[in-house]
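Scroll down for the structure; my scribbles are underneath it.
Counting convention: from 1, in listed order, for ligands and their atoms alike.
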Amino acid sequence: MLNFSDHPHTRLNILTGEKVLVSPHRSKRPWQGQVEDLVVEQRPSYDATCYLCPGNKRADGTVNPEYGDSFVFVNDFSALLQDTPQGQYNDSDLLQAESERGICKVIAFSPRHDLTLPEMEEDAIVAVVDLWQQEFSELAKHDWIKYIQIFENKGAIMGCSNPHPHGQIWAQGNVPVEVEKENAQQHHYFVKHGVSLLSAYVNLEIQKNERIIIDNDHFIALVPFWAAWPYETMIVSKRHVSSIAEFTAEEKTDLAKTLQELTIRYDNIFNTSFPYSAGMHQAPVNSGNQAHWHWHMHFYPPLLRSATVKKFMVGYEMMANPQRDVTPEYAADLIKKQATTHYKTRLDV
Ligand code: H2U
Ligand code: ZN
């Protein structure tokens with residue numbers, strides 16, 4: 001009989017309809033490799049050469065204000081532009097292209113150059129969540145915008161250009177591929193069962209309690225059953241809301257708490273600033289009824305065995321489908337074992 005911790009098997013990602021290959025027999029050896037010494041990388045709280053620090057000049061010559069909490073501006077090297085002319089190119093069925101309009105923004109999470117989300121105070125993280133909500137609602141007022149992607153690249157290994165804590169928002173005129181996949185899966189489930197796919201999934205996970213890391217009044221953080229990255233997690237709102245625009249003040253506070261605890265646990269795994277790409281998936285805007293959508297946030301961290309040994313998605317993963325060794329249950333257990341106080345604070349003891 002199939003045993004998840006011994007036998008190679010595939011798991012279905014119900015959000016995308018794709019599969020992941022799990023090969024637990026390959027990881028009988030201890031998994032958590034080298035843990036870094038508790039040496040704290042010191043950054044100044046202000047860096048005169050940083051384009052995100054208050055009062056500094058950015059690439060386009062603009063001077064940042066002396067901002068207090070968080071600060072948002074249009075990306076000086078935006079990948080999408082608002083004034084792009086509309087156009088299509090179709091040469092037979094084979095060569096197809098379409099213009100894409102959009103607005104790209106950068107959000108500095110804090111005026112402090114030396115902090116990261118897990119090191120910020122809860123109130124300061126609430127201010128970031130408030131700004132995300134505000135930006136989402138403002139961008140959605142453009143009726144041509146159909147999707148708003150809020151995300152963060154953290155750490156040089158993820159291509160993050162600057163250690164000053166920041167994220168990005170890209171809003172665009174079409175729904176991108178990953179969101180389209182989740183849209184189809186959630187729609188199918190909602191029409192068939194009358195509840196959102198993620199409400200049903202979270203209820204089942206609460207019953208099983210094998211992959212849950214955080215469970216508070218308004219949010220669950222867990223390692224999804226179908227996680228592909230070693231330490232992949234997902235935050236899901238307990239209430240079925242389709243976007244961040246619907247969060248109440250209480251929910252925003254709980255989201256800030258969840259983000260803080262999850263990222264502290266991450267940092268504690270290898271006593272390092274844990275890199276990841278994280279982003280919210282939520283309903284397309286200006287696109288009619290989106291009742292099937294359920295807000296959630298994915299965390300895709302690249303690390304495998306230590307602060308420097310990353311998991312490569314290559315070979316079989318590129319050609320066939322993602323593959324992992326240890327089970328999602330094992331990863332959840334490991335993240336759950338981490339302390340909820342940041343390792344850097346332990347140095348002060
Ligand atoms: P990362 O989140 O990948 O670090 O990207 C930060 C963005 O900041 C990047 O998209 C922008 C870059 O275009 N940027 C500015 O808007 N102004 C600057 O002065 C430098 C970088
Ligand atoms: Zn800075």
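- Within a 6.0 Å sphere centred on CD of E121, heavy atoms belonging to other residues, nucleotides or ligands number 12 at most.
- Within ligand 1, the atoms closer than 4.0 Å to a non-hydrogen atom of N153 are 3 (O), numbered from 1 in the order shown.
- Nearest protein heavy-atom neighbour of atom 5 (O) of ligand 1: Q168 NE2, 3.0 Å.
- Below 30°, between 30° and 60°, or above 60°: for H292 and F190 the angle between ring planes is between 30° and 60°, a tilted geometry.
- Counting heavy atoms under 4.0 Å from ligand 1, residue N75 touches it through both backbone and side chain.
- Listed by atom number, the atoms of ligand 1 under 4.0 Å from G159 heavy atoms are 3 (O).
- Among protein heavy atoms, the minimum distance from atom 8 (O) of ligand 1 is reached at Y51 OH, 3.4 Å.
- Counting protein heavy atoms only, atom 16 (O) of ligand 1 is closest to D76 N, 2.8 Å.
- Counting the atoms of ligand 1 from 1 in the order shown, those under 4.0 Å from a heavy atom of S161 are 1 (P), 4 (O), 5 (O), 6 (C).
- For the residue pair E246 and S242, a side-chain donor N or O sits within less than 3.5 Å of a side-chain acceptor on the partner.
- A cation-pi arrangement is not found for R211 relative to F225, the charged atom failing to lie both closer than 6.0 Å to the ring centre and inside a 45° cone about the ring normal.
- Contact between P230 and R324 at its shortest, heavy atoms only, is O-NH2, 3.0 Å.
- Nearest protein heavy-atom contact of atom 19 (O) of ligand 1 is A59 N, 2.7 Å.
- The only option from H294, E178, H298, Q186 that meets the side chain to side chain donor-acceptor pair (under 3.5 Å) definition with H281 turns out to be H298.
- Closest to the Zn ion (ligand 2) among the N, O or S atoms of H113 is ND1.
- Looking only at its N/O/S atoms, H164 has ND1 as the one nearest to the Zn ion (ligand 2).
- Near F73, meaning under 4.0 Å from any of its heavy atoms, are these atoms of ligand 1: 16 (O).
- Residue H166 places at least one N or O, backbone or side chain, under 3.5 Å from an N or O of ligand 1.
- In summary, the side chains of Y51 and S161 do present a donor paired with an acceptor at a separation below 3.5 Å, with no hydrogens or angles considered.
- Under a 4.0 Å criterion applied to the non-hydrogen atoms of R58, ligand 1 contributes the atoms 19 (O).
- Between the side chain of S137 and the main chain of Q134, no donor-acceptor pair closer than 3.5 Å is present.
- Residue K19 qualifies as open at atom NZ: its count of foreign heavy atoms under 6.0 Å is 12 or below.
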